[in-house]
Amino acid sequence: MLDKRYNPKDIEKGKYQNWKEKNYFECGDLKKRKFSMVIPPPNVTGKLHLGHSWNTTVQDIIARYKRAKGFDVLWLPGMDHAGIATQAKVEERLRKEGISRYDLGREKFLEKAWEWKKEYAETIHKQWEMMGLSLCYSKERFTLDEGLNKAVRHVFKTLYDKGWIYQGEKIINWDPEFKTALSNIEVIYQDDPGKFYYFKYYIENSDRYLEVATTRPETMFGDVCVVVNPKDERYKDLIGKKVINPANGDLLPIIADDYVDVEFGTGAMKCTPAHDPNDFIIGQKYGFPHPKCMDETAHMNDLAGKYKGQDRFECRENLVKDIEKAGNLIKVEDIIHQVGHSERSHAVVEPYLSKQWFVKMDGLSKNSLNLQNSKDKVEFIPERFNKIFTNWMTDCDDWCISRQLWWGHRIPAYYNKITGEVLVSEEEPKDMENYTQDEDVLDTWFSSALWTFSTLGWPEKTDDIERYFPLDIMVTAYDIIFFWVARMIFQGLEFMGSRPFDKCLIHGLIRDANGKKMSKSLGNGIDPIDVIDKYGVDALRYFLTTSTSPGLDTRYSDEKIAAASNYLNKIWNASRFILLNLDDNDNESNLSIDESKLDAIDKYILTRLQETIKNVTSNMEKYDFANASTHLYNFVYDDFTSWYVELCKVKLNGDNLELKQNTKAVLIKVLKDIILMIYPYTPFIAEEIYLNLPGHKESIMLDSYPEVNEKYLFDKESLEVLDLIHMIKDVRAYKVENNLAPNAQVELNIVPLYKDFDSSLFITYLKRFAFAKEVSIVSTIEGNIKVYPSCQMEIKDNIDKSVLLEKIEKEIERLNSEIARGEKMLSNPGFVQKAPQAKIDLEKAKLEQNKKDLEVYLEKRAKIA
RNA sequence: GGGAGUUUAGCUCAGCUGGGAGAGCAACUGUUUUACACACAGUAGGUCGGCGGUUCGAUCCCGUCAACUCCCACCA
């Protein structure tokens, strides 16, 4: 039997281990239709946050729902080695012990990194368990495991042979802290305060000078020329002459190029090919060299003369001071400008000329765009994210994939020690002694991009690939559409020849109560574990998946979790009440519904139940879990606990044993369906209640999702019970209005409006729930009248005529305005001609009813007056 | 500079293909009614951001303006 209180901690205990041990999470039943998903692999860098909880709960709901719907569900778990992020953490840990990765050397360092991975994998497993995720653990993968490495090598080699992977010397985004190249999307631009320095560049052998402005004076040591616009009248005569670089006295030619904007700054631009992508293009165009003035840690090199060894910002400051002393500083403007920072280290990214590996994007993106224009496209939910995806695909730069790190897939390129020739090969060359392997590793996302099929054993031809690829759905937040979703799509297309998943369900980010992003530095992060401790995991899961709208961000709030918890408590207690009413000999068979004995109230709840199953299911199918849950919530509160369970108490306390038994059967039936529908959201409480129901299976995980049953749809009885409910409400309101106690006794008269009106139903329940001393069936009503579709009701009282008249007057007024509205609508030729027939009929019926009601009230008024 | 999203009750948000706006929390009144005070019964609260258009009819469709948020973009 259920405890008096819903206590999440107690009921969550042991369930997960049990499910896991019984292999309920595993897939492989070939008799069933397959449904497959892979988890977006979390980084092995730390604890999971609420964003993960959200993302994985959505998937768990899908997995559990699909299993209950009879699918063979593969939900593949795994983790990401997260190159830069993890390496940074490991290095940080080492630094605390006073050692650097270079002290250890590559091999030893990697051992440390694997230790780290092991440690954090354990943490992540624990958190998955805590969240109740029904993952197929037997299929678990890691982005750096042997199989995935094989896939990576194969992909690299294939694309290289095709010419779609190449090595090139380009300006890339350099992270001077982690000393590695980054891809464009790993750079975060933010508005930083900066300075715009205006310097005098004297014309050679002249007193005249050119004003040149820059935000990065330290790069002046890498300058090769000054560029002006050929149309710029101010400088026309200077083109071809030379100016003196105020940083080092070098002579720089003045050249002309359209690229320079006459309006911007001084109209004269210094050009540093090795430290700026645009300058690089200009440098190439005019055949300038491209000297670098910094080393890989963004410290100045030989070119910077006396500033050698200084950090770039230190050099900037010193250099400006020196130029000022020399009288060549004109002014300094404070500006706010966009500065690129490394996504991981947050260091200011240095555009830097460097030899790196790239993935050529034009062919891959064209294929993806074609896919999205075909009927085989990946369906984004919500759809607008397709546009985000295709916009990005339409013009994206080549993808820089090499990273100067150790933790990751090492690039399968080998350089001949003598000739320097490059050999790209999936396996080490046989004469390895003649080769050295490329030192670099691949961008983490290179392996993540293959996650949808490499995890199934590709490039081997495995049964899992055959059965589970392509995946049915991918669930992820919108912030990694470019990093991950896009790359999975083009790689899936390239190597598997099809979209990697049919649908891509995009959700938002979780924010704090004020709408701010949760972050460590702000200290506004919420640890899922704390929430679980306080409210239980079911409440957290329910909150995460129901108080959100597709594709939008959501705010965390304690109140919302508390509300979820209250809801679960409600279900708990309703279950408890129902179970308390069972006796020892009740079992599955004597609790099956006898349809011939259903009364109006049973028919009402069963009808509403069918409608609810229909609405919930259709929303589950659309992956709209918020909407689905709302339908269930309303049913649970309004129809089931507020009315049906309350009304049933009459029958349960009565002495009609047959009726009582059938009522219990209906209660159990409705409760069971509710539990089965709430189960994907809140598996723990659902399992606990489920296991207390008669005729339960070994676990709710083995039962199936409720289906609509046409034989439980009843119109007339539903309508009558609805009227009964309205009557009870009206009587209650009447009492409040007249300062009567809630349980004050009243006398009621009822006029049935049709022949087979079930008067005993109304009498019984009005007595109990409206505290009616007496309910009489009459043919006409003298006093305080209320009108319903199936009957009229009078609350007998001795209010004086004037008050009664006033009330009737009010009602007449209301009806008149309703009738006026209806008549206006129906006499509008436009409406009658163009509105759908159903709407016209509805309005006509409403008008008729209102007219009828008005007549009743008018008659009443005449009588009293 | 381009693109997307948001704007509905005091707060957080729903509102499904256009046909008289809803929930949760908060507020107010009442109730220890034998599942639940984590509850029940009831009440109050909204020119659905502004303007214009389409339509018989607009919170919903179109245009425009405003505010906020986010993404993308090489302006030195």
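In the text below, chain A, chain B and the rest are named by the order of the sequence lines, each starting its count at 1. Note that the coordinates shown come from a computational prediction; the quantities given were computed from them, not determined experimentally.
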What nucleotide among [options] has an atom nearest to a side-chain atom of [X]?
X	options	result
A:Glu559	B:C25, B:A14, B:C40	B:C25
A:Thr215	B:G24, B:C25, B:A76	B:A76
A:Arg821	B:G20, B:C75, B:A35	B:G20
A:Lys387	B:A14, B:G3, B:G30	B:G3
A:Gln338	B:A4, B:U12, B:A73	B:A73
A:Phe264	B:G30, B:A76, B:A35	B:A76
A:Ala563	B:G5, B:G24, B:C36	B:G24
A:Phe482	B:A35, B:C72, B:A76	B:C72
A:Leu552	B:A35, B:A23, B:U6	B:U6
A:Asn566	B:A39, B:A73, B:A4	B:A39

Using a 4.0 Å heavy-atom cut-off across all strands, classify [X] as base, sugar-phosphate, or nothing.
X	result
A:Asn828	sugar-phosphate
A:Thr554	nothing
A:Pro351	nothing
A:Ser549	sugar-phosphate

Between [N] and [X], is there an OP1 or OP2 to side-chain N/O distance shorter than 4.0 Å?
X	N	value
A:Thr219	B:A76	no
A:Arg555	B:C13	yes
A:Lys560	B:C13	no
A:Lys570	B:C40	yes
A:Lys517	B:C70	no
A:Lys4	B:C36	yes
A:Ser557	B:U12	no

[X] and [Y]: side-chain donor and acceptor closer than 3.5 Å?
X	Y	value
A:Gln837	A:Asp841	yes
A:Asp553	A:Tyr478	yes
A:Thr663	A:Lys651	yes

Can you measure [X] atom [atom1] to [N] atom [atom2] for me and round it to whole angstrom units?
X	N	atom1	atom2	value
A:Glu186	B:C72	CD	P	13 Å
A:Ile578	B:C36	CD1	C1'	12 Å
A:Asp261	B:G1	CG	C1'	13 Å
A:Glu218	B:A76	CD	P	14 Å
A:Lys516	B:U12	NZ	C1'	17 Å
A:Asp553	B:C68	CG	P	18 Å
A:Ile171	B:C74	CD1	P	13 Å
A:Glu823	B:G20	CD	C1'	17 Å

* To do: Please name the residue in the list A:Leu652, A:Leu2, A:Thr641 that meets the side chain to side chain contact (heavy atoms under 4.5 Å, CB included) test with A:Phe577.
  => A:Leu652

Rounded distance in Å between the [atom1] positions of [N] and [M]:
N	M	atom1	value
B:U64	B:G2	P	13 Å
B:A37	B:U32	C1'	8 Å
B:C62	B:G5	P	11 Å
B:C48	B:C60	C1'	10 Å
B:C40	B:U6	P	34 Å
B:G50	B:A9	P	11 Å
B:G19	B:A35	C1'	42 Å
B:U7	B:C16	P	12 Å

So what's [N] paired with, Watson-Crick or G-U wobble, going by both distances under 3.5 Å?
N	result
B:U17	none
B:G1	B:C72
B:U64	B:G50

* **Donor-acceptor pair (no angle test) under 3.5 Å: A:Tyr259 side chain, B:C74 base** => yes

* Would you kindly check whether a donor in the side chain of A:Glu646 faces an acceptor in the base of B:A41, or vice versa, at under 3.5 angstrom? => no

Assess [X] against [Y]: is NZ or CZ under 6.0 Å from the centre of the six-membered ring, and within 45 degrees of the ring's axis?
X	Y	result
A:Lys649	A:Phe769	no
A:Lys270	A:Tyr201	no
A:Arg487	A:Trp399	yes

* Asked: For the residue pair A:Trp572 and A:Tyr6, does the interplanar ring angle fall in the parallel (under 30°), tilted (30 to 60°) or perpendicular (over 60°) class?
  -> tilted

* Ion pair check, A:Arg768 and A:Glu646, cut-off under 4.0 Å -> no

